[in-house]
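Reading through the structure tokens given below for one structure.
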Amino acid sequence: MTLDLSKLQGLKTPVYVYDRALLEATLQEIKSCIEGKPVMVHYAVKANCNPEIMKMIAGAGFGADCVSGGEIKAAVAAGFAPESICYAGVGKTDDEILTGVKAGIGFFNVESIEELEILNAVAKEEGAVINVALRVNPNIDAHTHHYITTGLEENKFGIDLRLLDKAIKTVASMSNLELCGLHFHIGSQITVMDPFVLLCEKINGLIEHYRKQGVEFKVIDVGGGLGIDYDNPDANPIPPFKAYFDTLLSHLHLGEGQTLHCELGRSIVGQCGSLLSKVTFVKEGIGKKFVILDAGMNDLMRPALYGAHHNIENLSAAARQGDEVEVYDVVGPICESSDIFGKEERLPATRRGDLIALRSAGAYGESMASTYNMRPLPASILL
Ligand code: LLP
């Protein structure tokens, strides 16, 4: 994203700034990778539920992956076709299930045998038949941060492989459920292809095993997880979608009538957003200097929650040119020691009022913001 200071200077901060052209180019790249192939991409709404962003993604013909009744309603309002929506979650409430049934969504990703019983009861009440993809816990280590790895036995997600037979039989025994496929998700911010290859191998084994028993899956949903380059957003503004889809399509043994479904979140929106903030104070400590921003961990929670790092750029100093480089801890105003965006950051000499960009913040930034410390939610703008 090229951040043009002249367009940004008047904005009230903190504000999420999204690059419409980059999002469009990203969506176009995905479309060109999957054109003519049996692939359906559902945008993982949780990554960024800004209505304008959602509208753009819906308008480009993508489906949606939702994890709450609220997301289903927002996806429908943004223009996603209901039948293109899938709905996952370990703790769907009866109300949320009803929201999905009434909206006529494509399929539910089901996480337990207990959930099947409730789904069937709600569907019966509504006179509906629900398409069910069983979320399988493949026990694969995605080697990502332990808070965002999901496909290990110890995680709460999905049905253990040893219980899959029972779950399939349960669906078959229920009048208002139809088994349409299998669902997986091994984690997020995965930057190498090996875990996806392992996943494909696991899936091939399952497809083959169940085919012998006369069970066919139309939907093979591999979840999301493709990572972005947080260190070099300008060099790699668009994630390696070709390598990702080629890996999946070359390793998966998809049969006639089978479609690969992906639930991509971060890789679609991550690089198109920056959190813009102004410097409130430059504070001299003992042997340390702090740049104190008007954005805090409530606006961008990833550094505090996962130890994530977003590149920090001083846009005003870049425009001034020639300022000496200094070393700062860049922090927010929140009353928590974890409210830190960067330690020992090398930045051009920074002044009060300078405009700072926290890069690669389009995914899990605005959508995870809170009003902690009674601060207003950050604003947002598409440029
Ligand atoms: N499908 C399922 C079932 C998921 O749980 C997730 C993300 C996705 C798809 C989308 O994954 P993506 O393509 O975005 O990696 N807040 C964390 C990330 C949490 C991811 C949760 N699940 C972060 O800021 O890194």
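Along the sequence shown, the residues carry numbers beginning at 1.
- Every residue two or more places apart in sequence or in another chain was checked for a side-chain hydrogen bond (donor to acceptor under 3.5 Å, both in side chains) with K169, and none qualifies.
- Y230 and Q189 are not linked by any side-chain donor-acceptor pair at a separation below 3.5 angstrom, with hydrogens and angles left out of the test.
- Salt bridge D329/K288: present, at least one basic N to carboxylate O contact under 4.0 Å.
- When only modelled atom types and interatomic distance are considered, E345 and H309 share a side-chain donor-acceptor pair under 3.5 Å.
- Using a distance-only test at 3.5 Å, with no hydrogens or angles considered, no donor-acceptor pair links the side chain of H209 to the main chain of G205.
- Between the side chains of R352 and T280, no donor-acceptor pair is found at a separation under 3.5 Å.
- Between F107 and H183, the ring centre distance reaches or exceeds 6.0 Å.
- Between F196 and V222, every side-chain heavy-atom pair lies at or beyond the 4.5 Å cut-off.
- Checking D354 against N314 by side-chain atom types alone, a donor-acceptor pair falls below 3.5 Å.
- With hydrogens and angles disregarded, no donor-acceptor distance shorter than 3.5 Å links the side chain of Q271 to the backbone of P237.
- Classified by interplanar angle (parallel below 30°, tilted 30° to 60°, perpendicular above 60°), the ring pair F108/Y87 is tilted.
- A salt bridge between E52 and K55 is present, with a side-chain N of the basic residue lying under 4.0 Å from a carboxylate O of the acidic one.
- For the side chain to side chain contact (heavy atoms under 4.5 Å, CB included) criterion with E313, the lone passing option out of I356, D234, L347, L358 is D234.
- Legend: residues meeting side-chain hydrogen bond (donor to acceptor under 3.5 Å, both in side chains) with R20, ordered by chain and number and at least two apart, are absent.
- Aromatic rings from H185 and F157 are positioned such that their centres are separated by 6.0 Å or more.
- Looking at Y18 and N48, their side chains do bring a donor and an acceptor atom within 3.5 Å of each other.
- A donor-acceptor contact closer than 3.5 angstrom is absent between the side chains of N131 and E178.
- The pair R135-D221 does not count as a salt bridge, with every side-chain nitrogen at least 4.0 angstrom from each carboxylate oxygen.
- Proximity of a side-chain donor or acceptor of S367 to a complementary backbone N or O of A47 within less than 3.5 Å is detected.
- Using a 3.5 Å distance cut-off with no hydrogens or angles, the side chains of N109 and E263 do pair a donor with an acceptor.
- Under the 3.5 Å distance criterion, the side-chain polar atoms of D294 are left unmatched by any main-chain donor or acceptor of S277.
- Using a distance-only test at 3.5 Å, with no hydrogens or angles considered, a donor-acceptor pair links the side chain of D339 to the main chain of M297.
- The closest donor-acceptor contact from the side chain of T26 to the backbone of L22 lies under 3.5 Å.
- A cation-pi contact, defined as under 6.0 Å to the ring centre and within 45° of the axis, is absent between K46 and Y364.
- Of the N and O atoms on the side chains of S370 and N298, not one donor lies less than 3.5 Å from an acceptor on the other residue.
- F290 has its ring centre no less than 6.0 Å from the ring centre of Y328.
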